[in-house]
**Student:** 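Have a look at this one before I ask anything.
Order of the sequence lines fixes the chain letters, A, B, ..., with proteins taken first and strands second; residue numbering starts at 1 for each chain.
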Amino acid sequence: MTQETLGTHDVSLQFTRSFVGRRTVVLGYLLSNRAGFRERIGHTLGHLGLSMVRHAILPKHSAASERLCFSLLRGMSQDRITVLATEFAQRFLVPTLPEATRERWRRLRSAGWRIRLISNHIEEIVTAVCRQWALEVDELVCNRLQYRDHIATGRLTSPRVNEQRRTPRTSEEFTIQELEDLS
Amino acid sequence: MSDLSIRESLRGQNLLITGASGFIGKVYLAMLLERVPETGLLYLLLRSGKRTATQRLAHMFDTSPVFLAVWSRCSPEVAQRMRNRVQAIAGDVCLPNLGIADDQLDALRTNLDLVVNLAGLVDFDPDIREAYAANIQGPIQVANFTASCKNSRLLHVSTAYVSGTKGGRIPELIETETPNGQHFNPHTELQSLQDEIAREVDQSSAPHNLNEIRREICAREHDCGACPRHRCMAPSLAASRLRASMAALGSHRARELGWTNTYTYSKALSERLLSTRTDLQLCIFRPAIVESANRYPFTGWNEGFNTSGPIIQLLGTWLRRVRVGTHKAIDLIPVDYVAKGLVIASASLIRGRHAPVYHCGSSDHNPITVERCVELSALAHRQYWKQHGPSWLERRVLSRWDARPVTSEPWMGISLWKWLSSSISTMSRKVALPLPHAQWRPLHSFGRRCGIWARKLARLEMVLKTYEPFLCESAAVFECKGLRRHHVIEPEFSFAPEDIDWFDYMLHCHIPGIRKWCLQDSKTRDPIHVQPTA
């Protein structure tokens with residue numbers, strides 16, 4: 001069977017069941033390792049505060065809430081975010097992925113399926129996990145930070161993948177199948 | 001754009017390479033041996049000391065990781081054939097006829113097709129006499145020798161930083177003025193430099209100067225002047241003071257004319273002296289800051305500790321803030337790109353299609369800012385300390401210390417810490433003097449420790465000052481059109497600095513390379529598992 005006959009298989013990386021996989025924790029790790037000591041303390045405290053109150057003042061998973069959450073990354077270099085994301089993935093995320101997921105992934109690949117990976121994490125995290133586990137992906141649908149001169153602006157580029165709905169806001173429709181099998 | 005075949009151009013051509021035992025020279029030689037088997041004989045001019053030139057060459061081939069990597073990629077027969085293509089010539093670039101024995105001179109003058117001068121002193125502020133000998137007198141002698149050859153073609157390797165403190169886009173030209181815009185006659189400058197050196201030497205060796213030094217020693221050591229040991233100290237102290245004053249003379253002269261240091265000044269002077277010669281075909285090759293190999297001979301290869309090495313080492317210590325200029329590009333170029341550029345320049349010079357000057361840098365097509373460079377260095381050190389930190393302090397604290405680029409000098413800078421350490425040292429020693437021995441000892445030892453810290457900080461301050469022009473002042477972008485003008489047929493020689501991924505290069509090649517090969521880190525240093533050929 002060829003790839004064409006099999007079509008695309010959408011899979012989703014889910015870390016949300018474990019505490020360390022929560023996006024809030026990932027963001028906290030990135031912010032607590034900013035370059036400046038004052039920034040580290042200030043932004044981490046700000047992030048903690050925001051995590052506690054943002055759902056109270058803004059609708060959960062709204063665009064404004066998401067934007068507020070990522071705005072704290074503003075001013076961080078792309079290089080630092082990539083290194084920290086790799087560190088985090090290596091240390092915390094990769095061990096939480098079940099071996100069965102990896103096996104199933106490989107089976108799908110060897111069967112000739114095209115894999116479209118959907119995740120609500122930022123690209124740096126997802127890429128690091130895939131690299132660590134040597135997972136091959138044909139298409140990556142995840143949140144991407146906007147950079148200007150290698151410095152994060154604190155915004156996400158479209159399409160955004162929402163944590164609640166896990167559907168990207170694009171004109172295309174992504175069908176999510178067999179999520180439960182993979183997680 | 002014209003097509004250029006490296007193999008066809010260099011087929012059967014005999015080259016004389018000076019400075020082949022240096023960092024660039026080794027990679028250039030290895031590349032010629034491995035990738036251009038059509039080249040004729042390669043003569044290497046090597047100084048003979050305890051070992052003869054031939055022994056030095058054999059030692060280099062048997063021990064240098066560059067050549068060990070080359071030999072490991074081919075069969076012993078091929079390796080032997082490569083070695084047979086290289087011949088050592090005993091000599092010295094500073095001497096007339098390069099110090100080559102008379103019986104070899106005639107044959108060389110007839111056989112040589114190209115002379116590549118890589119010899120030089122890459123030390124930023126050395127004794128001006130050393131810089132003069134290696135960077136000015138050497139190229140003059142090489143040019144004289146080349147002019148006496150049948151095919152007088154000279155490829156002279158200089159530096160892109162001969163532009164000095166000048167900013168903006170630097171064209172591939174030989175300027176006629178100093179970087180600060182003064183009229184510059186290289187012959188007058190050379191004469192005036194020689195006069196100043198002679199004057200300093202005369203002053204230093206004058207009898208009244210030696211007597212004064214002797215009196216100083218006597219006063220310091222509470223000696224009447226009869227002690228023979230103290231009498232012997234005078235000439236060595238005079239010599240060391242002369243070296244210091246010569247270094248100061250070079251730095252002062254360089255800065256007065258707009259160059260950043262003695263190295264760039266001496267290189268610029270030699271370039272301009274050579275450019276006035278009409279008796280040879282000359283091509284000047286100007287690499288920027290030459291750093292660890294990206295791919296060839298193998299990832300991360302580096303040697304010596306004199307380009308960005310010291311500053312990168314400092315960024316992995318407790319130094320927290322480094323003053324840099326905002327959005328200023330720093331022109332780093334991996335050594336394999338430089339070797340490729342040199343091969344292209346050699347081939348084009350042999351073909352007679354060369355440009356007078358070639359820049360070899362990355363700032364024109366793939367610039368990296370100083371801030372990004374500092375950030376990447378800090379991240380690379382972070383990774384290293386996390387994995388290899390010997391103690392909890394390094395693994396947990398130093399790995400997160402992260403050097404930061406700042407635009408202004410922090411108020412709690414090195415100068416302040418140095419002043420504090422030095423003051424505490426002096427005070428504690430003074431306070432300790434009248435105390436009884438039991439109380440005197442700890443205080444005195446504390447003072448001594450503070451003194452050591454003050455000296456360490458002074459050295460640190462000096463290193464940062466040396467690099468200040470490159471980190472804060474220089475905003476130059478070196479135009480790199482000449483090398484790209486040639487359409488090289490062989491893809492392995494194509495010069496494309498835009499392919500360098502700085503993130504990958506700094507984190508996985510350059511800084512691990514510096515740690516492994518320059519700082520001699522035993523933790524990351526695994527020897528190349530190849531056997532030297534017989």
**Student:** Does any backbone or side-chain atom of A:Glu87 lie under 4.5 Å from a heavy atom of chain B? Answer side chain, backbone, both or neither.
**Tutor:** side chain

**Student:** For A:Phe37, is the NZ or CZ atom of B:Arg404 found under 6.0 angstrom from the centre of its six-membered ring and inside 45 degrees of the ring axis?
**Tutor:** no

**Student:** Quick check on B:Trp502 against chain A: is it the side chain, the backbone, both or neither that has a heavy atom closer than 4.5 Å?
**Tutor:** neither

**Student:** Would you compute the distance between atom CG of A:Asn33 and atom CZ of B:Arg382 and round it to the nearest 0.5 angstrom?
**Tutor:** 4.0 Å

**Student:** Does atom CZ (B:Arg400) have a neighbourhood of more than 12 heavy atoms from anything else shown, all under 6.0 Å?
**Tutor:** yes

**Student:** Around B:Trp318, counting heavy atoms of other residues, nucleotides and ligands shown, do more than 12 lie under 6.0 Å from its CH2?
**Tutor:** yes

**Student:** Around atom CZ of B:Arg169, are there more than 12 heavy atoms of other residues, nucleotides or ligands at under 6.0 Å?
**Tutor:** yes

**Student:** Quick check: do A:Arg91 and B:Lys386 have side-chain heavy atoms less than 4.5 Å from each other?
**Tutor:** yes

**Student:** Under 4.5 Å from any heavy atom of chain B, what part of A:Leu84 do you find: side chain, backbone, both or neither?
**Tutor:** side chain

**Student:** Give a yes or no on whether A:Arg144 atom CZ has more than 12 heavy-atom contacts from other residues, nucleotides or ligands under 6.0 Å away.
**Tutor:** yes

**Student:** Determine the minimum heavy-atom distance between B:Gln383 and A:Val83, stating which atoms define it.
**Tutor:** NE2-CG1, 3.8 Å

**Student:** With a sphere of 6.0 Å drawn around CH2 of A:Trp133, does it hold more than 12 non-hydrogen atoms of other residues, nucleotides or ligands?
**Tutor:** yes

**Student:** For A:Arg106, does the CZ atom have more than 12 heavy-atom neighbours from other residues, nucleotides or ligands under 6.0 Å away?
**Tutor:** yes

**Student:** Mind listing the closest non-hydrogen atom pair of B:Arg320 and A:Gly36 along with its distance?
**Tutor:** NH2-CA, 3.4 Å

**Student:** Under a 4.5 Å cut-off applied to non-hydrogen side-chain atoms, are A:Arg40 and B:Asp402 in contact?
**Tutor:** yes

**Student:** In Å and rounded to the nearest 0.5 Å, what is the CZ to NE2 distance from B:Phe503 to A:His150?
**Tutor:** 11.0 Å

**Student:** If you measure from CG on B:Asp504 to CG on A:Asp79, what distance do you get to the nearest 0.5 Å?
**Tutor:** 11.5 Å

